[in-house]
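A, B, ... follow the sequence lines: proteins, then strands. Residue 1 opens every chain.
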Number of protein chains: 2
Amino acid sequence: MNLIERAKELVSLTGDRATANRVRTLSVLLSAKRALTHREIADQLLDAKKQLDRVTLYRILEWMSKKSLIHKIAGDDRVWRFRINTEIRAHQHAHFKCNRCAKVICLKDSKYNPTPLLPVGYLLQEIELTIKGVCSECI
Amino acid sequence: MNLIERAKELVSLTGDRATANRVRTLSVLLSAKRALTHREIADQLLDAKKQLDRVTLYRILEWMSKKSLIHKIAGDDRVWRFRINTEIRAHQHAHFKCNRCAKVICLKDSKYNPTPLLPVGYLLQEIELTIKGVCSECI
DNA sequence: GCAATTAATGCAACACAGTTGCACTATTAT
DNA sequence: ATAATAGTGCAACTGTGTTGCATTAATTGC
């Protein structure tokens with residue numbers, strides 16, 4: 001089963017329409033080894049026969065986040081990055097951000113077991129751990 | 001010793017000029033109980049006799065970050081937040097971000113002792129831990 | 001003190017990610 | 001086939017943050 005077929009299946013599983021744009025976008029993220037910006041995704045979609053509008057891409061990415069196909073990562077360059085959700089990675093957010101090239105990768109196996117001290121009356125919903133440094137390519 | 005005097009002293013310690021704008025800005029952050037956005041800081045400076053330009057405020061905040069008087073926190077709403085640096089908080093970044101009102105507070109005593117699994121060849125520089133949830137006022 | 005240098009400020013214009021409204025098109029349901 | 005619904009494209013907009021440059025204020029060296 002190739003990438004496009006797998007993407008198509010994943011999109012279909014949401015119950016919503018499996019449009020070509022959604023499938024193409026998801027297949028890009030499926031093959032990405034790191035979190036991509038909207039820009040980077042758009043660039044990879046450039047070679048396709050029909051160019052898709054940047055707003056449409058924003059909406060597709062937002063839709064995919066809502067459907068938990070992908071997740072967003074907030075960088076400190078004010079740019080969202082998007083990453084495919086795999087079973088392993090889901091809900092265990094640990095990311096590495098390169099201070100030189102700004103690339104973001106997902107760290108699996110980051111065993112952060114928290115119980116951090118929240119003030120009384122506070123509700124914990126999510127823990128986001130970002131390790132910053134320099135990746136091997138930029139060192 | 002009042003707030004303004006303390007702010008003035010801290011600014012002077014950097015070796016650079018202790019202008020009224022810098023002192024005023026720092027005193028706002030000194031009395032803040034949470035991380036503030038550029039907007040929020042500007043609002044608090046409104047009542048002063050002479051209004052300062054937003055660009056100037058951006059530059060003051062950038063300068064203060066460089067001088068380690070304050071630190072920046074990247075929110076996922078694409079907005080920087082600024083927080084005073086105290087000895088305790090320096091270099092131990094753990095923040096709580098409310099998912100409703102978007103306020104950010106600094107969590108002290110968050111004993112995260114990491115050694116997270118970075119890929120080989122990666123250099124670790126900083127660990128940023130953000131706990132998301134709902135603060136007591138928004139619950 | 002007074003000029004010369006240096007740093008800080010204000011203004012205008014810009015960059016860029018992300019959003020909203022609305023018309024248009026394609027898809028699904030009846 | 002027609003009506004209802006969902007997705008797309010375009011244009012215009014929002015808001016944060018930045019850059020360039022002229023102006024003003026503060027230091028420095030006489």
How close or far is atom [atom2] of [N] from atom [atom1] of [X], stated in whole angstroms?
| X | N | atom1 | atom2 | answer |
| --- | --- | --- | --- | --- |
| B:Asp53 | D:dT23 | CG | C1' | 13 Å |
| A:Arg17 | D:dG7 | CZ | P | 6 Å |
| A:Asp77 | C:dC16 | CG | P | 13 Å |
| B:Asp43 | D:dT16 | CG | P | 10 Å |
| A:Glu40 | C:dC16 | CD | C1' | 15 Å |
| A:Met64 | D:dG7 | CE | P | 12 Å |
| A:Trp63 | D:dG7 | CH2 | P | 8 Å |
| B:Tyr58 | D:dG20 | OH | C1' | 18 Å |

Below 4.0 Å: OP1/OP2 of [N] and any side-chain N or O of [X]:
| X | N | result |
| --- | --- | --- |
| B:Arg22 | C:dA8 | yes |
| B:Thr19 | C:dT9 | yes |
| A:Arg39 | C:dA17 | yes |
| A:Asn21 | D:dG7 | no |

For this session: Identify the two heavy atoms, one from B:Val28 and one from B:Leu36, that lie closest to each other, and give their separation to 0.1 Å.
Result: CG1-CD1, 4.0 Å

What nucleic acid atoms does [X] come within less than 4.0 Å of, heavy atoms only: base, sugar-phosphate, or nothing?
| X | result |
| --- | --- |
| B:Arg59 | base |
| A:Thr56 | base |
| A:Val55 | base |
| B:Arg54 | base |

For this session: Side-chain contact test, heavy atoms from C-beta onward, threshold under 4.5 Å: evaluate it for A:His38 versus A:Leu57 and give yes or no.
Result: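 Yes - at least one pair of side-chain heavy atoms lies under 4.5 Å apart.
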
Exercise. Do B:Arg34 and B:Glu40 sit within salt-bridge range, that is, some charged N less than 4.0 Å from a carboxylate O?
Worked result: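 Salt bridge present between B:Arg34 and B:Glu40.
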
For this session: Starting at CE of B:Met64, measure out to CG of B:Asp16 and round the result to the nearest 0.5 Å.
Result: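 Taking CE in B:Met64 and CG in B:Asp16, the distance rounds to 11.0 Å.
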
Problem set entry | 5′-ward residue of the pair B:Trp80/B:Ala18 relative to DNA chain D | B:Trp80

For this session: Verify side chain to side chain contact (heavy atoms under 4.5 Å, CB included) between B:Leu26 and B:Ile60, making sure each step is shown before the conclusion.
Result: CA-CA 9 Å; B:Leu26 190 59; B:Ile60 287 174; over 6 Å; no

